Amino acid sequence: MNRDDLAKLATIASWRLPEADADPQETQEWLDALDAIVHEVGPQRATFILQKLVQHARRRRVQLPTVANTPYINTIALAQQAPFPGNLDLESRLSALVRWNALAMVVRANRVSAELGGHIASYASAADLFEVGFNHFFRAGQAGDLLYFQPHSAPGVYARAFLEARLSEEQLSNYRRETGGKGLSSYPHPWLMPDFWQFPTGSMGLGPLFAVYQARFMRYLAHRGLLDTQGRKVWAFVGDGEMDEPESLAGLSLAAREGLDNLVFVVNCNLQRLDGPVRGNGSIIQELEGLFAGAGWNVIKLLWGSDWDSLFARDEHALLLRAFHETVDGEFQQLSATDGRFNREHFFAKYPELQQLVAHLTDEDIDRLRRGGHDPVKIYAAYHAAANHRGQPTVILAKTKKGYGMGLAGQGRMTTHQQKKLDTEQLLEFRDRFALPLTDAQVDACEFVRPGGDAPEMKYLHARRAKLGGYLPARKRRSEPLTPPPIDTHARFALEANGKEMSTTMAFVRMISALLKDRTLGPRIVPIIADEARTFGMADLFRQIGIYSPLGQLYEPEDRDQVSYYKEARNGQILEEGINEAGAIASWVAAATSYSAHGLALLPFYIYYSMFGFQRVGDAIWAAADSRARGFLLGATAGRTTLSGEGLQHEDGTSHLIASTIPNCRAYDPCFAYELAVILDDGMRRMLCAHEDVFYYVTVMNENYAQPSAPWVCLPPSPSATGAEAHQPRATDAGIEGILRGMYCVRASARGEANVRLLGAGAILREVLAAAELLEQDFSISVDVYSVTSFTELRREAMEIERQRRFGGTRGAPWVERQLPVNGTPVVAASDYVAAVPDLIRPWIGDRMIALGTDGFGRSDLRANLRRFFEVDRHAIAVAALSTIDSGLAAMARDRYDVEAAGAPPWCR
Ligand SMILES: Cc1ncc(C[n+]2csc(CCOP(=O)(O)OP(=O)(O)O)c2C)c(N)n1
């Protein structure tokens, strides 16, 4: 088989014309019968009969073709097209203006410096797809639609907002120059443009995934009676190259399974990505059709513009169709990059009948034959069908040209993605092509154009948007505050633990169970898990609040007679996402940004194996940060040594290091249940009452140990307090401030001034406390022990103060310096994470410091053996402490505790 045959096969394979017909008359009778049904009863009846036939054929073991594809034409026939209700002339003038301003913005930025970059060709291909949406479909406001834009098309969204007078000329002139405060971000970004962009999509693949989970989340809100989301839609604009990302495909089954007809994907099939064609040797549209249809989506192919209708009507032998099926995308790209004459000679010349079909057209006419994604009439029909489709999500596969309208300079060129400049001649061509009202001088200067308010196209633009509820995109910064209950109501058991044994995971589950019962906050909590509820001891919640399923529970659960049976319910509160961290984090982001996207503050808790968080879905967590998410991420079974038996690939030693790099992520590694209680309480207040755009990452362990009461619980009540009030912990009480700032003294030396200061975090704090006992008992060394709840928070504050000092500020010492003043006493800090985590505070430790961590590959063993292996157990800590005081004592301790430097360090083994 030669190359041509292979290529043809790739496109035709799933839609091959039948083999030779053994009995054409019989075939014709069947076809006529079907035609009669369609004609007399309607296509729905025809579908029913066909389904019945298929079922019947299956029972008879008749081999059926896999029908994952339909012909390479528009799904919506001309006769079924919803009529276009707009004014085509005004809309084309508007879209020309938007196209120009977008282009001018990028070209101007690159006249300043090529450093700034930007993209012209992506928006050029997407412009009509966006414009029809803006003029006819996208509803604004809190009860409106949610839009996920293709990131590289951002210039077009800015250009439209400029026409709408929502962005100024100054802002457009500062495209991609944001540090001065009046610029525009390169891609959609709620952190950098918090009143404009709703969803960050710059990291490809996350937009489509988040869109699916957003649509699903809107259903969840409705089914739980929290918010009426009826009629609202999620529109996601995705690149065809972007569909290569696994995340882009990850949510397809869920969307179909849950019948999300509030979701519309528009895949901009310009057939190109950055380096070249998406499927040069095949057909991305046919491939995606198969994928989406197979997953259960309603697929609308929007391939050819109205100009082709009359050609199709006259093409009696379906030769156009045959020629399309014989054309691979690489060739379609070339046809897009060349003129009408080339198209005549290389496409229509495939068959003499086709040549005849276009004989009446000039080369210029052929050049103007539009692809479906550039024809507002066809786009409207597709959107209309999508918006009205029930029971399934819809994908519109819109065929476009990359760099549409950029002429020979850019349209369909292999390098067009990167093109940021056009010379004056090319700009003039663009002006003429789109009939822009610009003089040569204005074109040369790349002037932005915004006609006066009385211009008919401007009146039209504003009227359309007024009809659709206002302008988009627009982001709301806050919603009504939500007040969490006092800490005592859900965490008294932790504050007064009094030595009771439990893990911090158990403590968390107890706290959330109690919070769920709070009448105000309870319903707003969104517990999210990725198939690990039983691991974390959360199975009781199944029954208490139910697992969300839009279908309710169609079966009798096997464990029905158990107290905590597996209960699925339409108004279930838990999102049990299956083994699907990417989906779970997408749900978490939807809930964590609900205060903005839906005007309803929620409190999501996503609890997962900490190893499968920052490491596995770290980019999605960054997108959450970009989105100004508010909620809790709980890294459970956390740490390198607490999970013991699970071994490598489950033992997390790095999540706290990664968390420390995300500016609005407050990361804590508490050891004691009361610390956890304080952190959760403070987090709830900051996020829900004070509207702080922060989210929390808190690690919790599955190691059981005796939980002490909070130190301040043992303190005498403040003299003025009486009754219940006397028992309420006060923010100024010893410990609370330290817990939140990142460290506090948990055990002061009983023997006077300390010889060494030991710092412990999370699981390793208890080893540190044990090391202190050893040092005091065995070596008469006095020790102060500090619980470090957050190396990250300590570092952040210290960095800020240091910076202020650099700029002449006089703020006092950072908390870490105040806790550990320079006094000649050495410091040993130990963590269950890599040593780089305790090292975060090293710059502010004026005395000798040793950082101990769990660098290296994890492995399975008993906890004690693992801690010994990584040299973070009590004995290794004691040896490290003594080494800062006296090498002789350290040698004695090594001997006594049997701590040997056994060859290579742990991270080399
Ligand atoms: C995760 C990720 N990887 C790579 C990129 C870099 N990138 C930006 S645009 C692009 C090509 C986009 O092609 P396509 O999705 O087909 O959209 P088009 O611009 O052609 O409309 C790439 C690779 C990115 N933004 N995100």
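Only a predicted model underlies this, so the values are computations on that prediction, with no experimental measurement involved. In listed order, ligands and their atoms are each counted from 1.
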Practice task
Identify, for atom 19 (O) of ligand 1, the protein heavy atom at the shortest distance, and state residue, atom and that distance.
Solution key: Ser122 OG, 2.5 Å

Fill in the blank from the handout: With heavy atoms and a 4.0 Å threshold, my read on which part of Asn270 contacts ligand 1 is side chain

Handout entry: Under 4.0 Å to a heavy atom of Gln150 - the qualifying atoms of ligand 1, by number
Key = 17 (O), 18 (P), 21 (O)

Practice task
Carefully, step by step, assess Lys401 and His374 under the rule side chain to side chain donor-acceptor pair (under 3.5 Å).
Solution key: CA-CA 8 Å; Lys401 290 182 177 178; His374 296 304; over 6 Å; no

Fill in the blank from the handout: Within 4.0 Å of some non-hydrogen atom of Gly202, the atoms of ligand 1 are 24 (C), 25 (N), 26 (N)

Exercise for the section: May I ask whether atom 10 (C) of ligand 1 is less than 4.0 Å from at least one protein heavy atom? Expected result: yes

Problem - Contact bool for atom 24 (C) of ligand 1 (protein heavy atom, d < 4.0 Å) - result: yes

Problem - Gln272, any N or O under 3.5 Å of ligand 1 N or O - result: yes

Problem - Check: Ser125 N/O within less than 3.5 Å of ligand 1 N/O - result: no

Practice task
May I ask you to identify the nearest protein heavy atom to atom 4 (C) of ligand 1, giving residue, atom name and distance to one decimal place in Å?
Solution key: Met204 CG, 4.6 Å

Exercise for the section: Record the part of Glu245 in heavy-atom contact with ligand 1 below 4.0 Å; permitted values are side chain, backbone, both and neither. Expected result: side chain

Practice task
Would you please indicate if the ring centroids of Tyr72 and Phe332 are separated by under 6.0 Å?
Solution key: yes

Exercise for the section: Tell me whether the centres of the aromatic rings in Phe138 and Phe134 are closer together than 6.0 Å. Expected result: yes

Problem - Over-ring placement of Arg160 relative to Tyr471, 6.0 Å and 45° cut-offs - result: no

Exercise for the section: Compute the centroid of each ring, for Phe137 and then for Tyr380, and state whether the two points are separated by less than 6.0 Å. Expected result: yes

Exercise for the section: Please examine the side chains of Pro208 and Glu247, heavy atoms only from C-beta on, and report whether any two atoms are closer than 4.5 Å. Expected result: no

Completion exercise
Quick look: Glu242 vs ligand 1, heavy-atom contacts under 4.0 Å, and the answer is both

Problem - NZ/NE/NH1/NH2 to OD/OE distance under 4.0 Å, Arg279 and Asp244 - result: yes

Exercise for the section: Give a yes or no on whether a salt bridge exists between Asp693 and Arg630, defined as a side-chain N under 4.0 angstrom from a carboxylate O. Expected result: yes

Handout entry: Min N/O separation Gly241 to ligand 1 under 3.5 Å
Key = yes

Exercise for the section: Name the closest protein heavy atom to atom 18 (P) of ligand 1, giving the residue it belongs to and the distance to 0.1 Å. Expected result: Lys402 NZ, 3.3 Å

Problem - Contact check: Arg273 vs ligand 1, nitrogen or oxygen atoms, below 3.5 angstrom - result: no

Practice task
Mark yes or no: Arg99 above the aromatic ring of Phe430, with NZ or CZ under 6.0 Å from the six-membered ring centre and no more than 45 degrees from the axis.
Solution key: no

